[in-house]
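When reading the values below, keep in mind they use all heavy atoms of this one structure, side chains included, and skip hydrogens, waters and symmetry mates. All values derive from a computational prediction rather than experimental measurement.
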Amino acid sequence: MYAASFEGILKTILIILLIYFGFKLFIKWFGPMILKYFLGKIGKKFQEQFNQAPPSASKKKEGEVVIEKKPGKGRKSNKDVGEYIDYEEID
């Protein structure tokens, strides 16, 4: 069985306080530089995405009109029934 000594407890508390204040000073001095580095990296990534042209826009000529159709749903009308018209009466 282990017995806690006063020196061991005091040593542990001092180590915890040293790590706490050391980390606090480290963040105070180097925090802005770390933040600036990451914000610059993110800004560069956004700038690359903004400057990147969409792939379909580069193929089209300027002034040309292109109608893109949506893919069909595969739904076919039944020619035997006739055309269905939905209407509403107006009073």
Quick one: list whatever passes side chain to side chain contact (heavy atoms under 4.5 Å, CB included) with [X], sequence neighbours left out.
X     : value
Ile42 : Phe46
Phe30 : Phe26, Met33, Ile34
Ile27 : Phe23
Ile19 : Ile15

| task | Quick one: pull up CD in Gln49 and NZ in Lys45 and give me the separation to the nearest 0.5 Å. | result | 7.5 Å

| remark: Under a side-chain separation threshold of 4.5 Å, the hydrophobic residues clustered together with Val65 are none

| field | Nonpolar side-chain network containing Tyr87, other nodes, edges under 4.5 Å | value | none

| Is it the case that one hydrophobic cluster holds both Leu18 and Ile9, taking links as side-chain heavy atoms less than 4.5 Å apart, direct or via other members? | no

